[in-house]
Novice: 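This is the structure I want to talk about, given as structure tokens.
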Amino acid sequence: MLQKLASYAAPVLNFMPIRRTRRNHALEHATVHMLQRKFKDLRVSGVSTTFGFVLLHNASAELVDAAAHDALKRLKKGEAGLAVHPNCGTNLMTTGVLATIVAVVLWWGNRKLTRARLNWTLVGMIGAVLMGQPLGMEVQKHFTTAGDPGDLSIRSVHTDEIKFPTWGRKLSVTLVWTAAG
């Protein structure tokens, strides 16, 4: 069903700025997959744009640089599965949307608090949470990432370190700048 919906949305999904962001999002996820294989205590968060992506992480600059280049090679070889990641914000948003739908459906109109309504809400929310990640992975696959990087290339990888004074820890910020796509 989502594949069919994506085919209807193809003109929008293939609009250059959206296509580039989707390809960069896929490269971001693939890079995180590569990092997780090499660095078991990885803490990472990222965001993608039309120009590349930014990672906030605790890995070395060299490891991130190598992971990004390896990720792009693997995507170009057809490993499109690397484009989706279980910890993507798309999964959180999908879960939130499902939970909101449950709440609206169960509480629309009559707002009287009853044990039965609370029980059904609990069951619906559990269902939303259980369905959120698998559905989110499909949303990533068809809408928010593009497993085919096309002519995407990495222009530069730049890392800086940030020390959080009140936290007492250092994290690195890496900008992966891409071209074409």
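Computed from a predicted structure; not experimentally measured.
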Novice: Measuring from Asn87:CG to Gln133:CD, what's the distance to the nearest 0.5 Å?
Specialist: 7.0 Å
Novice: Are any non-hydrogen side-chain atoms of Ile154 and His69 less than 4.5 angstrom apart?
Specialist: yes
Novice: How close do Ala71 and Leu27 get, heavy atom to heavy atom, and via which atoms?
Specialist: CB-CD1, 3.9 Å
Novice: Flag the pair Tyr8 / Leu13 as yes when at least one side-chain heavy-atom distance between them is below 4.5 Å, and no otherwise.
Specialist: no
Novice: I need the minimum non-hydrogen distance between Ala146 and Ala26, along with the two atoms involved.
Specialist: O-CB, 3.2 Å
Novice: Which residue pairs pass the salt bridge (charged side-chain N to carboxylate O under 4.0 Å, His left out) test with at least one member in residues 153-168, sequence neighbours excluded?
Specialist: Glu161-Lys170
Novice: How long is the gap from CG on Leu35 to OG1 on Thr174, to the nearest 0.5 Å?
Specialist: 8.5 Å
Novice: Would you say the side chain of Val157 lies within less than 4.5 Å of the side chain of Leu175, judging by non-hydrogen atoms?
Specialist: no
Novice: Return yes if some donor-acceptor pair links the side-chain N/O of Arg74 with the main-chain N/O of Ala30 below 3.5 Å, else return no.
Specialist: no
Novice: To the nearest 0.5 Å, what is the distance between CG (Leu113) and CG (Leu118)?
Specialist: 4.5 Å
Novice: Is there a path from Phe51 to Leu56 through hydrophobic residues (I, L, V, M, F, W, Y) whose side chains come within less than 4.5 Å of each other?
Specialist: yes
Novice: Treating Ile, Leu, Val, Met, Phe, Trp and Tyr as nodes and any side-chain heavy-atom pair under 4.5 angstrom as an edge, say whether Val139 and Leu5 lie in one connected cluster.
Specialist: yes
Novice: When Val84 is tested against each of Gln140, Glu138, His33 for side chain to side chain contact (heavy atoms under 4.5 Å, CB included), which residue passes?
Specialist: Gln140
Novice: Is the number of heavy atoms from other residues, nucleotides or ligands within 6.0 Å of CZ (Arg37) greater than 12?
Specialist: yes
Novice: Within the structure provided, determine whether Val105 and Val102 are in side-chain contact (heavy-atom separation under 4.5 Å).
Specialist: no
Novice: OG1/Thr144 to CG/Asn91 distance, rounded to the nearest 0.5 angstrom?
Specialist: 8.5 Å
Novice: Counting only heavy atoms not in Phe143 (residues, nucleotides, ligands), do more than 12 fall under 6.0 Å from its CZ?
Specialist: yes
Novice: Would you call Leu135 and Leu2 a side-chain contact if the rule is heavy atoms closer than 4.5 Å?
Specialist: yes
Novice: Does some side-chain heavy atom of His158 sit less than 4.5 Å from a side-chain heavy atom of Trp177?
Specialist: no
Novice: Distance-only, no hydrogens or angles: does the Lys76 side chain make a donor-acceptor pair with backbone N or O of Leu152 under 3.5 Å?
Specialist: yes
Novice: Checking Arg20 side chain against Ala180 main chain: does a donor-acceptor pair fall under 3.5 Å?
Specialist: yes
Novice: For residues Lys4 and Ser7, report the shortest heavy-atom separation together with the two atoms involved.
Specialist: O-OG, 2.5 Å
Novice: Would you say the side chain of Asn24 lies within less than 4.5 Å of the side chain of Val176, judging by non-hydrogen atoms?
Specialist: no
Novice: Taking only residues two or more places apart in sequence or in another chain, which ones pass ring-ring contact (aromatic ring centres under 6.0 Å, His included) with Phe39?
Specialist: none
Novice: Shortest non-hydrogen contact from Leu42 to Ala59?
Specialist: CD1-CB, 4.1 Å
Novice: Any chance you could measure Met137, atom CE, to Cys88, atom SG, to the nearest 0.5 Å?
Specialist: 9.0 Å
Novice: Is there a ring-ring contact (aromatic ring centres under 6.0 Å, His included) between His25 and His29? Walk through the geometry before answering.
Specialist: CA-CA 6 Å; His25 193 192; His29 286 177; 4.3 Å; yes
Novice: May I have the step-by-step check of side chain to side chain contact (heavy atoms under 4.5 Å, CB included) for Leu55 and Val32, ending in yes or no?
Specialist: CA-CA 9 Å; Leu55 293 179; Val32 171; 4.2 Å; yes
Novice: Do Glu28 side-chain atoms and Val54 backbone N/O form a donor-acceptor pair below 3.5 Å?
Specialist: no
Novice: Looking at Ala99 and Ala128, what are the two nearest heavy atoms and their distance?
Specialist: N-CB, 3.6 Å
Novice: Kindly say whether Asp41 contributes a backbone atom to a donor-acceptor pair with the side chain of Asn58 at under 3.5 angstrom?
Specialist: yes
Novice: Measuring from Arg117:CZ to Thr121:OG1, what's the distance to the nearest 0.5 Å?
Specialist: 7.0 Å
Novice: Taking the side chain as everything from C-beta on, heavy atoms only, tell me whether Ser172 gets closer than 4.5 Å to Ile162.
Specialist: no
Novice: Stepwise, does the side chain to side chain contact (heavy atoms under 4.5 Å, CB included) test hold for Asn119 with Val123?
Specialist: CA-CA 6 Å; Asn119 288 340; Val123 169; 5.6 Å; no
Novice: Can a donor-acceptor pair be found, under 3.5 Å and without considering hydrogens, that links the side chain of Asp70 to the backbone of Ala66?
Specialist: no
Novice: Do Val129 and Leu106 share a hydrophobic cluster (ILVMFWY, side-chain heavy atoms under 4.5 Å, transitive)?
Specialist: no
Novice: Mind checking whether Ile18 and Leu75 sit in one hydrophobic cluster, side chains of I, L, V, M, F, W, Y counted as touching below 4.5 Å?
Specialist: no
Novice: Under the side chain to side chain contact (heavy atoms under 4.5 Å, CB included) criterion, do Asp151 and Arg23 qualify, and how do the steps go?
Specialist: CA-CA 10 Å; Asp151 60 348; Arg23 286 178 173 172; 4.1 Å; yes
Novice: Are Leu63 and Met34 grouped together when hydrophobic residues (ILVMFWY) are joined by side-chain heavy atoms under 4.5 angstrom apart?
Specialist: yes
